[in-house]
S.K.: 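Sharing a structure here in structure tokens format.
These values consider heavy atoms only, across backbone and side chains, with no hydrogens, waters or symmetry-generated copies. In what follows, chains are A, B, ... by sequence order, proteins preceding strands, each numbered from 1.
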Amino acid sequence: MALHLFDTETRDVREFRPARDGTASMYVCGATVQGIPHIGHVRGALNYDVLRRWLVHNGLDVRMVRNVTDIDDKILTKAADAGRPWWEWAATHERAFEEAYDALGCLPPSIAPRATGHITQMIELMQRLIDKGHAYAAGGDVYFSVTSFPGYGALSGQRLEEVQQGESQAEGKRDPRDFTLWKGGKPGEPSWPTPWGHGRPGWHLECSAMATNYLGEEFDIHGGGVDLVFPHHENERAQSRAAGDGFARFWLHNAWVTLSGEKMSKSLGNVVSIPQMLRRFRAVELRYYLIQPHYRSTIEYSDEAVTESAQGYRRVEQFLRRAAAGTDAVRIGTVPGEFAAALDDDLGTPQAFAVLHNTVRDGNAALDAGDAAKARELAETVRAMTDVLGIDPLSQRWAESSGVEAKALGSLVETLLARRQQARAERDFAQADAIRDQLVEAGIAVEDTPNGPLWTVRD
RNA sequence: GGCGGAGUGGCCGAGUGGUUCAGGCAAGGGCCUGCAAAGCCCUGUACACGGGUUCGAUUCCCGUCUCCGCCUCCA
């Protein structure tokens, strides 16, 4: 079965066929860099990272754009409140997002373009829209004429009569449902020159301008959180299609992370930030937790759930460590058909994880039965699956045996374990257990295997 | 008001018109172990409520209740 994805525009799961053979182009709405990233922000990025890895795994050359909105009302007001330049505020938080994405193992996008770097493209797009009668300038602002585009509302299922942009009722709008492409400059605010006067970008324009700039007038996948369906993506779609661009062929939307049943958002004060999370959980465990549920299902966050889910990851990790002990490196094998079928079915990560765990169980059983060849083969299969999911415990990225501190610790632990093995050989179990207790006390779990003791740092 | 999502066993979280099943975590029993740990095996009979369709519904249809999201910046 070939990859199928749920497209918000058509409201069904369709076969994904890229516009150009052998390549796939993705545009993902990134952050408005106004604050510190929380797990909700990262959840979406992780979903698209898994999709991207799956496309790459299937031999496609993926071009991925994740934008940075570095100019908007909130950035301006927050920076002003903090007494900092708006551009510094934006840059600071852009870095925080980059760090969060990277910490959780998101592959870097092909490019992360900033809105402020693409004013030229925005002006060109506005000009095209004005030339075609889909937009008009009024009092320094530029508006998109919603009624001029017949398909308006099709993406979000809104009827034109019911549409409310929510934008403040601007003076120059011919129709209250029209939305703002460009905001006329105000004193003290950053602005850029245009044929219609100085000003700054409206929210929606940047994505259309940047997506087509990097991916062409028609591209494969446009992703973002469900809250972006209306008005953001509806408006993007309207302005690009009205300008004559094919624009996105698939619209993907990921669901929320909620806390106590409510959407995580700064205004509710129920935000769990990434830096805060990383102090309490391993990044790979957090990643595992966030990508296991289906991307269109809401995740109800709780500390307990992350802790439990981490146990699941450790089970996989432990199997690979056991399988790797005493043999040459375990290579990355090929993914099972069931696993591929799961991901091909609208990125069915829950089923993919089920396949992963079934393989781990079989692998452990093989290990117990002393069937080293089979265990090794299954371990390679497990690595292949975790590699696609970006959680391969043996990868350079997540292996814990790297780093100077880890080496120093390892050396100490090995010394103690050697002493314990000596005591065990002499059947001095009191001494052996005392050493093990000492290690446990220090947060190190020890387990004996036919290939000798394995140790793990536990919290 | 308009649009949309969800209610599954102790918990998280999939899925399907019917026989054996998601998967994980936790729990109980067993095997293994010097003792553990890890692992393996076994056990739990769940699908908000009320109708309807059907030989048969958790799965389809209708209604009810509850929760959540978008329509204001938002991943």
S.K.: Closer than 4.0 Å, any side-chain N/O of A/Lys263 to the OP1 or OP2 of B/rC70?
M.R.: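 Yes.
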S.K.: Between B/rG23, B/rG24, B/rA14, which nucleotide has the shortest distance from any of its atoms to the side chain of A/Asn358?
M.R.: B/rG23
S.K.: With heavy atoms under 4.0 Å as the rule, sort A/Gln158 into base, sugar-phosphate or nothing.
M.R.: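 Counting heavy atoms under 4.0 Å across all strands, the contact made by A/Gln158 includes a base.
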S.K.: With a non-hydrogen cut-off below 4.0 angstrom, is A/Gly40 in contact with a base, only sugar-phosphate, or nothing?
M.R.: base
S.K.: Please tell me if A/Ser297 has a side-chain N or O lying less than 4.0 Å from either OP1 or OP2 of B/rG5.
M.R.: no
S.K.: Test A/Phe219 against every option in A/Phe250, A/Tyr214, A/Phe247 by the ring-ring contact (aromatic ring centres under 6.0 Å, His included) rule and name the one that passes.
M.R.: A/Phe247
S.K.: Determine the contact category for A/Val257: base if any of its heavy atoms lies under 4.0 Å from a base atom, sugar-phosphate if only primed atoms, P, OP1 or OP2 are that close, otherwise nothing.
M.R.: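 The answer is base, as A/Val257 lies within the cut-off (heavy atoms under 4.0 Å) of a base atom.
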S.K.: Give A/Leu228 one of three labels, base, sugar-phosphate or nothing, depending on what nucleic acid heavy atoms sit under 4.0 Å from its own.
M.R.: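 Since only primed, P, OP1 and OP2 atoms lie under 4.0 Å of A/Leu228, the category is sugar-phosphate.
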S.K.: Between A/Glu447 and A/Arg322, is there a side-chain N and carboxylate O pair less than 4.0 Å apart?
M.R.: no
S.K.: Please report the distance, rounded to the nearest Å, between CZ in A/Arg296 and C1' in B/rC70.
M.R.: 17 Å
S.K.: Can you measure A/Ile435 atom CD1 to B/rG34 atom P for me and round it to whole angstrom units?
M.R.: 18 Å
S.K.: Between the side chain of A/Gln239 and the main-chain N/O of A/His204, is any donor-acceptor distance below 3.5 Å?
M.R.: yes
S.K.: If you look at every strand shown and take non-hydrogen atoms under 4.0 Å, does A/Arg322 touch a base, only sugar-phosphate, or nothing?
M.R.: sugar-phosphate
S.K.: Across the strands shown, which category fits A/Asp448 at heavy-atom distances under 4.0 angstrom: base, sugar-phosphate, nothing?
M.R.: base
S.K.: Check whether A/Tyr101 forms a cation-pi arrangement with A/Arg66 (NZ or CZ under 6.0 Å from the six-membered ring centre, at most 45° off the ring normal).
M.R.: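 Flagged: A/Arg66 positioned over aromatic ring of A/Tyr101.
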S.K.: Name the residue closer to the 5' end of RNA chain B, choosing between A/Tyr313 and A/Val42 according to the nucleotide with the nearest heavy atom.
M.R.: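 By nearest-heavy-atom nucleotide position, the 5'-most residue is A/Tyr313.
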S.K.: Please determine whether a side-chain nitrogen or oxygen atom of A/Arg159 lies at a distance below 4.0 Å from atom OP1 or OP2 of B/rC3.
M.R.: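 Yes, within the criterion.
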S.K.: State whether A/Asn254 places a side-chain N or O below 4.0 Å from either non-bridging phosphate oxygen (OP1 or OP2) of B/rA75.
M.R.: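 It does not, given that no N or O in the side chain of A/Asn254 lies less than 4.0 Å from OP1 or OP2 of B/rA75.
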S.K.: May I have the distance from A/Phe353 (atom CZ) to B/rC25 (atom P), rounded to whole angstrom?
M.R.: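 Taking CZ of A/Phe353 and P of B/rC25, I get 13 Å after rounding.
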S.K.: Within the supplied structure, the quantity of interest is the number of heavy atoms (other residues, nucleotides, ligands) at a distance under 6.0 Å from A/Arg282 CZ; does it exceed 12?
M.R.: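 Result for CZ/A/Arg282: enclosed.
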S.K.: Which part of the nucleic acid, if any, lies within contact of A/His232, taking any heavy atom under 4.0 Å across all strands shown: a base, the sugar-phosphate backbone alone, or nothing?
M.R.: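 It contacts nothing in the nucleic acid.
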S.K.: Is A/His357 near enough to B/rG23 that one of its side-chain N or O atoms lies under 4.0 angstrom from OP1 or OP2?
M.R.: no
S.K.: Using purine N1 to pyrimidine N3 plus N6-O4 or O6-N4 for Watson-Crick, or N1-O2 and O6-N3 for G-U wobble, both under 3.5 Å, which nucleotide pairs with B/rG44?
M.R.: none
S.K.: For B/rG13 and A/Gln292 - does any side-chain N or O of the residue sit under 4.0 Å from the phosphate oxygens OP1/OP2?
M.R.: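 Result: no.
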S.K.: Could you say whether A/Arg361 or A/Glu447 is positioned toward the 5' end of RNA chain B, judged by the nucleotide with the nearest heavy atom to each?
M.R.: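 Looking at RNA chain B, the more 5' nearest nucleotide goes with A/Glu447.
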S.K.: Taking only side-chain nitrogens and oxygens of A/Thr32, does any of them come within less than 4.0 Å of OP1 or OP2 of B/rA75?
M.R.: yes
S.K.: Rounding to an integer number of Å, can you tell me how far A/Phe319 CZ sits from B/rA37 P?
M.R.: 22 Å
S.K.: Reckon A/Gly348 touches a base, only the sugar-phosphate, or nothing at all at heavy-atom distances under 4.0 Å?
M.R.: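 Result for A/Gly348 = nothing.
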S.K.: Do A/Arg177 and B/rC71 have a side chain to base donor-acceptor pair shorter than 3.5 Å?
M.R.: no
S.K.: Just call it for A/Thr258: base, sugar-phosphate, or nothing, with non-hydrogen atoms closer than 4.0 Å on any strand.
M.R.: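 The residue A/Thr258 makes no contact with any strand.
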S.K.: Does a side-chain N-to-carboxylate-O contact under 4.0 Å join A/Arg63 and A/Asp220?
M.R.: no
S.K.: Check A/Lys183 with A/Glu189, please: is the shortest side-chain N to carboxylate O separation under 4.0 Å?
M.R.: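 No, A/Glu189 and A/Lys183 are not salt-bridged.
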S.K.: Using purine N1 to pyrimidine N3 plus N6-O4 or O6-N4 for Watson-Crick, or N1-O2 and O6-N3 for G-U wobble, both under 3.5 Å, which nucleotide pairs with B/rG1?
M.R.: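 Matched B/rG1 with B/rC71 under the 3.5 Å cut-off.
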S.K.: Could you check whether A/Asn364 gets within reach of a base, just the sugar-phosphate, or nothing at all, counting any heavy atom under 4.0 Å?
M.R.: sugar-phosphate
S.K.: Please classify the nucleic acid contact of A/Val355 as base, sugar-phosphate, or nothing, using heavy-atom distances under 4.0 Å.
M.R.: nothing
S.K.: Under a 3.5 Å limit for both distances, which nucleotide forms a Watson-Crick or G-U wobble pair with B/rG56, could you say?
M.R.: none
S.K.: Please classify the nucleic acid contact of A/Gly44 as base, sugar-phosphate, or nothing, using heavy-atom distances under 4.0 Å.
M.R.: nothing
S.K.: Whole angstrom is fine here: how far is it from CG in A/Asp362 over to P in B/rG23?
M.R.: 11 Å
S.K.: Check whether any side-chain nitrogen or oxygen of A/Arg315 sits under 4.0 Å from OP1 or OP2 of B/rG39, and answer yes or no.
M.R.: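 Affirmative; the distance criterion is met.
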